[in-house]
Amino acid sequence: MTPAELSRTVLRSVRGAVEERELSVPVPARIVVQPPPRPGCGDYASNVALQLAKPAGRPAREVAEILRKRLAGTAGIDRVEIAGPGFLNFTLGDGALVALVRDVLAQGAAYGDRSAGDGPGAGRASAASPGPGAGRASAANPRAGARAAVVGEVLERIGAAAGRTGRADGPPALVPAPDDLATLTARLGTDEARWILLRPAAHDPVRVPERPVQRESNPRFRVQYAHARTRALVRNAADLGFMGEPGGVGAPAADGSGAELRPVPASAHALHTLLAGHPSVVEAAARLRAPDRLVRHLEATVDAFFRWHDDCPPLPVGEQKPLAVHRARLALAEATGTVLANGLRLLGISAPEHL
């Protein structure tokens with residue numbers, strides 16, 4: 001279940017409560033759900049009850065309880081809890097994780113990119129493709145143009161991926177880069193140059209390293225390394241004679257049957273939340289003209305992937321035979337690789353198979 005799907009589910013519960021006169025409020029056009037601010041509060045949270053409390057003339061926790069009862073037992077939702085003054089916290093069921101992985105793998109390059117099916121090469125822009133106006137910006141002011149050209153190009157691609165029609169408004173007001181694009185590319189390489197221009201928020205300066213560092217302390221390298229790792233897992237699994245298949249990713253049973261033991265670790269739920277949120281992040285980056293949001297989301301996804309990878313190794317260890325749980329974990333790793341590749345493609349940065 002993606003945030004958009006959960007938002008629609010909560011909206012239906014509000015509409016149902018209004019139609020059955022449990023609540024007397026205008027039905028909102030949309031409901032925001034997002035990851036909670038701290039661990040231990042479920043997979044998603046919403047403040048919809050607090051927003052409806054005043055027009056309903058009732059305490060927010062009372063409104064939240066009405067919605068909680070309606071949402072309890074909904075397919076894909078394991079628990080709905082009320083926190084604080086009336087926040088609704090949602091914990092998704094394990095089936096939602098399986099369904100998400102299946103959906104990501106089925107959509108492939110189209111996941112989070114509505115332009116991916118528009119024709120040959122759609123959604124697969126080259127890292128070196130210049131955006132409209134890039135040459136004019138660079139010629140007018142090479143240093144200011146370096147950042148504006150790359151950001152403008154990426155915003156056009158992200159806008160298309162989010163389904164926004166018409167031409168983009170161009171890049172927002174940006175702090176100029178300290179060097180022109182050609183100098184940065186010659187010094188750092190194409191991928192690193194683009195990453196440092198896209199990573200800061202518009203009002204933040206570009207920080208240029210002395211040289212590109214090929215280690216995990218470099219966020220760009222870490223994201224590319226994580227993608228390459230997911231591809232290596234697929235190759236290694238093929239050598240062991242198995243492929244990914246969406247399923248339960250928890251600990252396998254001690255009897256060697258391959259059955260999954262509950263509960264699914266928190267690291268898997270955290271990774272699920274980030275993978276599910278990818279389309280929403282693309283839409284927000286397009287709406288706010290902020291490609292740095294996509295950059296930060298990729299970094300967070302990689303952090304979650306490595307935490308989950310350490311908790312739940314996708315490949316058998318030692319003399320262990322491949323089990324159903326390994327096929328499920330491999331499928332989750334593949335889905336992670338798909339999201340990373342799609343995000344890197346939108347940024348015009350390569351997604352290497354080997355690194």
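Transitive grouping of hydrophobic side chains (ILVMFWY, heavy atoms separated by less than 4.5 Å) brings V206 and L188 into a common cluster. Taken together through direct or relayed side-chain contacts under 4.5 Å among Ile, Leu, Val, Met, Phe, Trp and Tyr, L240 and L330 form part of one hydrophobic cluster. There is no path of hydrophobic side-chain contacts, each under 4.5 Å, that joins W308 to V98. By the rule that hydrophobic residues join a cluster once side-chain heavy atoms approach within less than 4.5 Å of another member, M243 and V249 end up as members of separate clusters. Cluster annotation: V32 and L274 are assigned to distinct hydrophobic clusters (Ile/Leu/Val/Met/Phe/Trp/Tyr, side-chain heavy-atom contacts under 4.5 Å, transitive).
The shortest side-chain heavy-atom distance between P172 and L155 falls under the 4.5 Å cut-off. Side-chain contact between H354 and R231: absent, with no pair of heavy atoms (C-beta onward) separated by less than 4.5 Å. Proximity of P313 to R329: side-chain heavy atoms (C-beta onward) are separated by under 4.5 Å at one or more points. Here the side chains of V154 and L198 are in contact, with some heavy-atom distance below 4.5 Å. The side-chain heavy atoms of T91 and I77, taken from C-beta on, include no pair separated by under 4.5 Å. Between L298 and V302, the closest side-chain pair of non-hydrogen atoms is not below 4.5 Å. The closest side-chain heavy-atom distance from T190 to I349 is not below 4.5 Å. Between R211 and R187, every side-chain heavy-atom pair lies at or beyond the 4.5 Å cut-off.
A salt bridge links E153 to R157: at least one charged side-chain nitrogen sits closer than 4.0 Å to a carboxylate oxygen. Ion pairing of R114 with E283 is present here, as a side-chain N (NZ or NE/NH1/NH2) and a carboxylate O approach within less than 4.0 Å. Looking at R222 and D303, a side-chain N of the basic residue comes within less than 4.0 Å of a carboxylate O on the acidic one, giving a salt bridge. No salt bridge links R296 with E299; every basic N to acidic carboxylate O contact stays at or beyond 4.0 Å. R70 has a carboxylate O that lies under 4.0 Å from a charged side-chain N of E22, or vice versa, which qualifies the two as a salt bridge.
Put simply, the side chain of N218 gets close to the backbone of V213: a donor and an acceptor are under 3.5 Å apart. Judged by distance alone, with hydrogens and angles left aside, the side-chain atoms of S7 form no donor-acceptor pair with the main-chain N or O of P3 at under 3.5 Å. For the pair R61 (side chain) and G84 (backbone), a donor-acceptor distance under 3.5 Å is present. Under the 3.5 Å distance criterion, the side-chain polar atoms of N342 are matched with a main-chain donor or acceptor of G108. Remark: the backbone N or O of P59 is not paired with any side-chain donor or acceptor of E62 at under 3.5 angstrom. When atom types are taken as modelled, the side chain of Y111 and the backbone of L275 share a donor-acceptor pair closer than 3.5 angstrom. Counting only distance, with no hydrogens or angles, the side chain of D311 and the backbone of P265 share no donor-acceptor pair below 3.5 Å. Without hydrogens or angle criteria, R194 side chain to G348 main chain gives a donor-acceptor distance under 3.5 Å.
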>> The test is side chain to side chain contact (heavy atoms under 4.5 Å, CB included); show your working for R30 and L11 and say whether it passes.
In response: CA-CA 7 Å; R30 62 188 292 267; L11 183 58; 5.7 Å; no

> When you look at L174 and V151, which way does the side chain to side chain contact (heavy atoms under 4.5 Å, CB included) test go after all the steps?
Replying inline: CA-CA 9 Å; L174 300 163; V151 170; 4.1 Å; yes

>> For D113 and V282: C-alpha separation, side-chain torsions, deciding distance, then whether side chain to side chain contact (heavy atoms under 4.5 Å, CB included) applies.
In response: CA-CA 8 Å; D113 186 350; V282 172; over 6 Å; no

>> Would T230 and F305 count as a side chain to side chain contact (heavy atoms under 4.5 Å, CB included) here? Give the steps.
In response: CA-CA 10 Å; T230 66; F305 168 70; 3.8 Å; yes

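Residue R147 comes nearest to D204 through the heavy atom pair NH1-O, 2.9 Å, listed as atom of the first residue, atom of the second, then distance. P55 approaches P26 most closely through the heavy-atom pair CB-CD, 4.3 Å. Across every non-hydrogen atom of S46 and V33, the tightest pair is CB-CG1, 3.9 Å. Summarising the geometry of L105 relative to A335, their closest heavy-atom pair is CD2-N, 3.7 Å, with the distance given to 0.1 Å. Nearest heavy-atom pair across E334 and V234 is CG-CG2, 3.3 Å. Across G248 and V325, no two heavy atoms sit closer than the pair O-CG2, 3.5 Å.
Interatomic distance, OG1 of T2 versus CG of D103, reported as 8.0 Å (0.5 Å rounding). Between L271 atom CG and L332 atom CG the span is 5.0 Å, to the nearest 0.5 Å. Rounded to the nearest 0.5 angstrom, E65 CD and I82 CD1 are separated by 4.5 Å. Taken from SG in C312 to NE2 in H326, the straight-line distance is 10.0 Å, to the nearest 0.5 Å. Atom CG of L92 and atom OG1 of T273 lie 6.5 Å apart (nearest 0.5 Å). Atom CG of residue L52 and atom CZ of residue R58 lie 11.0 Å apart, to the nearest 0.5 angstrom.
Tested against L71 for a side-chain contact (heavy atoms from CB on, under 4.5 Å), the candidates L6, I66, V80 yield a single pass: V80. For the side-chain contact (heavy atoms from CB on, under 4.5 Å) with D191, the lone residue among P352, P212, S350 that qualifies is S350.
Under the ring-ring contact (aromatic ring centres under 6.0 Å, His included) criterion, H269 pairs with no residue at all, not counting sequence neighbours. Scored by the salt bridge (Lys or Arg N to Asp or Glu O under 4.0 Å) test, E5 finds no partners at all (sequence neighbours excluded).
The aromatic rings of Y225 and F306 lie parallel to each other, with less than 30° between the two planes, well short of the 60° mark.
Members clustered with L50: F87, by chain and number, using a 4.5 Å side-chain heavy-atom cutoff among hydrophobic residues.
A 6.0 Å sphere centred on CZ of R235 holds more than 12 heavy atoms belonging to other residues, nucleotides or ligands.
Side-chain atoms of R220 and Q214 include a donor-acceptor pair closer than 3.5 Å.
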